[in-house]
Protein chains: 2
Amino acid sequence: MSKENVSIGLSAAIVAVEGERPSVLVVAHQGKDDALPFGPFDPAQQRTLESGLRKWVGEQTRFDLGYTEQLYTFGDKGRHSAGGHGSSTRVVSVGYLALTRQGKEAPETEWRSWYHYFPWEDWRDSKPAMIESAILPALKKFVKDAPNAETAELRRERLNVCFGEGWDEERVLERYELLYEAGLVEEFWRDSGKANKGASLGTAMLFDHRRILATAIARLRGKLKYRPVVFELMAPTFTLLELQRTVEALAGLRLHKQNFRRLVAEQGLVEGTGKFSAPARGRPAELFRFRRDVLRERPAPGLRLGVRRSKAS
Amino acid sequence: MSKENVSIGLSAAIVAVEGERPSVLVVAHQGKDDALPFGPFDPAQQRTLESGLRKWVGEQTRFDLGYTEQLYTFGDKGRHSAGGHGSSTRVVSVGYLALTRQGKEAPETEWRSWYHYFPWEDWRDSKPAMIESAILPALKKFVKDAPNAETAELRRERLNVCFGEGWDEERVLERYELLYEAGLVEEFWRDSGKANKGASLGTAMLFDHRRILATAIARLRGKLKYRPVVFELMAPTFTLLELQRTVEALAGLRLHKQNFRRLVAEQGLVEGTGKFSAPARGRPAELFRFRRDVLRERPAPGLRLGVRRSKAS
DNA sequence: ACATATATACTCGAAATGAGTATTATGCCG
DNA sequence: CGGCATAATACTCATTTCGAGTATATATGT
């Protein structure tokens, strides 16, 4: 067994939603790719991985993490390099998801829409044009270029699952990984040390941070439906439309307004405060607050979405 | 930063179902607690964490893993000790779930029902008596013994979510963690180095392996419902009742037979082979096989369960 | 007063769900 | 051979949930 060291890296995708924009806190390492707040795990100082994470994030962003959740541990050789050249110690990278309300960020950090990094994931207005114009042609070529028939069939299946009939908004990571392997994403060329001659989709991130962010979005989109996590992102009181817009921002989909409020109300996730918002135009909306009690009452208090399949709401 | 080393441990909960018994492959370290197959990650030799895992498992169990999935990375200080005394290097432990069909095991390894380790999780016959007789009284005491009112309230909520009204079969890990903190599980006393004067529930495992197994069961029970993972555990052809018994074994619940077959059939998860089983008594059942095509056709081809809420089927 | 913009309430059909009953195909036992 | 026990499979039915609308209420600005 040759002596190569391992070190553990901790990274956090810190998510907030402001208005209709789902954003992630990135560290602007000047000139370099955007990065998630990250740092090495120090086993001597930290009792748990999560406390290590909180320390790093606190130092880099002055943010006090609220809800956090471990995502995944990545250890692939070559996917944690900044420029394709191997470093001496191997980094195993543990990714976290954290939810907060957007506050003022520290210097060197910035909130950016996560759709900067994943423009094909935002279906709120319509199916992103780039899917038909750029992604599908390139992926079809990727299928055609397969070294053998078996690989071609596998690639065809993945294409279909990721971008075919029936958009499954949770498959964010699968889609990113497919685009990576097909060389449609800058990181692929950087990690392999070759020059990219084609298009790159979305904005690249440092190391494997875009992969971690994809995992975070996928997890959050899934979890929405069976745990009341959205409320971590809301102000103490909010209107039902604000809640809906937040969910839509995260899911990248439009929901049916009347049904959404029915679901939310019926499920007892929320209770009225008797106070009302003062909107610029239109009827004022009642302000609601999250009912903490549901946690005690029901086993899986998620937010069934009530997706809209037709025109307007 | 003081120099304490980190090493990465890989462990696998390898699951199979034989008849009505959901089992996990354990290594019988003679005299010591049961352990999952595990070993350190060697960054020099292995390109990915998963390949490292496959190597270890192959050596220890001669098993060729089929479906595998990463579960969680545990790094808590003190929860990876065999006897409560700290070792010099810190172990961060990455747990995996693997699904196979039960074959002949290697020497030193053994298939054991996972309900040995989690007897309170098997509700197939009825609610396990130990919940009323042992768990609830002890947990109520745990609530009462809280150092302050706030902690007591938190503990009361957790008790309710884990063992209160409305059994949620997926909360396996939450329940185990609660029992751990309440000192109802042997590992708690071992990790803290104190002597246990009360009862211990279930069979203890080495290190944090029971925690990993709890994570595995929870994940599998959840995943069942939205990905066709059960079929990894089935023979190439099977009757619908065999499929149902397998799902029941995993979920720890009884299902409604007629509705189960309706769901499975309607969803196109399965196709008839035209052949029939030869049972000891009763009408022969048609043998079915898994339809690989669903993966292409539908976004989330899970097995909605069709739980039974009343008497017999 | 009315046009416009929202919020909120209510309706309706289609599908999914939970729980049964009914019918069919075996082996076995006298 | 006829009837029973045992399972498999088919069909029924009421209830709930879902998706999609229409209708009504309450603001503001002109």
Side-chain angles (χ1 to χ4, degrees), chain A residues 19-20 166-167 169 225-226 237-245 247-248 251 253-288 298 300-313, chain B residues 19-20 166-167 225-226 237-245 247-248 251 253-288 298-313:
Chain A
E20 307 234 351
W167 180 256
E169 80 279 1
K225 293 166 193 153
Y226 60 95
T237 73
F238 46 84
T239 69
L240 293 181
L241 188 59
E242 283 163 3
L243 182 63
Q244 182 183 340
R245 293 286 178 246
V247 173
E248 288 174 339
L253 293 172
R254 285 288 168 207
L255 307 179
H256 184 283
K257 185 168 169 177
Q258 295 92 324
N259 290 345
F260 180 81
R261 69 168 28 255
R262 175 176 64 184
L263 286 180
V264 172
E266 271 175 6
Q267 294 191 123
L269 284 169
V270 116
E271 65 191 355
T273 61
K275 300 188 176 174
F276 289 81
S277 69
R281 14 171 230 284
R283 173 174 168 176
E286 184 165 10
L287 292 168
F288 289 80
R298 303 196 311 115
L303 246 191
R304 280 165 288 151
L305 297 191
V307 186
R308 190 157 48 70
R309 305 198 199 287
S310 67
K311 45 169 194 170
S313 56
Chain B
E20 305 235 351
W167 181 255
K225 293 166 193 152
Y226 59 94
T237 73
F238 47 83
T239 69
L240 293 182
L241 188 59
E242 283 163 3
L243 182 63
Q244 184 184 337
R245 292 288 177 245
V247 173
E248 288 174 339
L253 293 172
R254 286 287 168 208
L255 308 180
H256 185 283
K257 186 167 166 177
Q258 296 92 324
N259 290 345
F260 179 82
R261 68 166 35 252
R262 175 175 65 185
L263 286 180
V264 173
E266 271 176 5
Q267 293 191 126
L269 284 170
V270 117
E271 65 191 352
T273 62
K275 299 186 178 176
F276 288 81
S277 70
R281 4 169 239 283
R283 174 173 169 177
E286 185 167 8
L287 293 168
F288 288 80
R298 302 197 310 114
L303 249 190
R304 281 164 287 152
L305 298 191
V307 186
R308 189 159 49 70
R309 304 198 201 286
S310 68
K311 44 167 193 172
S313 56

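In what follows, chains are A, B, ... by sequence order, proteins preceding strands, each numbered from 1.
When each of C/dT8, C/dT17, C/dG20 is scored by its nearest atom to the side-chain atoms of B/Leu263, the top-ranked nucleotide is C/dT17. Which of D/dT26, D/dT9, D/dA20 sits closest to the side chain of B/Leu240 comes down to D/dT9.
For A/Arg281 and C/dT4, the shortest distance from a side-chain N or O to OP1 or OP2 is not below 4.0 Å. Neither OP1 nor OP2 of C/dT8 sits under 4.0 Å from any side-chain N or O of A/Lys257.
Salt-bridge formation is not detected for the pair A/Glu266/A/Arg261: no Lys NZ or Arg NE/NH1/NH2 atom is positioned less than 4.0 Å from an Asp or Glu carboxylate oxygen. A salt bridge does not link B/Arg245 with B/Glu242: every distance from a Lys NZ or Arg NE/NH1/NH2 to an Asp or Glu carboxylate oxygen is 4.0 Å or more.
Taking atom CD of B/Glu286 as the reference point, atom C1' of C/dA25 lies 13 Å away to the nearest angstrom. At whole-Å resolution of the value, CG in B/Leu241 and P in D/dT6 are 15 Å apart. As rounded to whole Å, 17 Å separates atom C1' of C/dA16 from atom NZ of B/Lys225. Spacing between atom NE2 of B/His256 and atom P of D/dT9 amounts to 16 Å, rounded to whole angstrom units. The CG-C1' distance, from B/Asn259 to D/dC13, rounds to 12 Å in whole Å. Atom CG of B/Leu255 and atom C1' of C/dG20 are 17 Å apart (whole Å). Rounded to an integer number of Å, the gap from A/Arg283 CZ to D/dT24 P is 14 Å.
Residue order along DNA chain D, read from the 5' end via each residue's closest nucleotide, puts A/Arg262 first among A/Arg262 and A/Gly282. Residue-to-nucleotide proximity on DNA chain C shows that, of A/Phe276 and B/Pro279, the 5′-proximal contact is made by A/Phe276.
Using a 4.0 Å heavy-atom distance criterion, A/Ala278 is classed as making no nucleic acid contact.
You'll find the side chain of B/Val270 reaches within 4.5 Å of the side chain of B/Leu240, heavy atoms only.
Contact of A/Gln258 with D/dT22 (side chain to base): a donor-acceptor pair of N or O atoms is detected under 3.5 Å.
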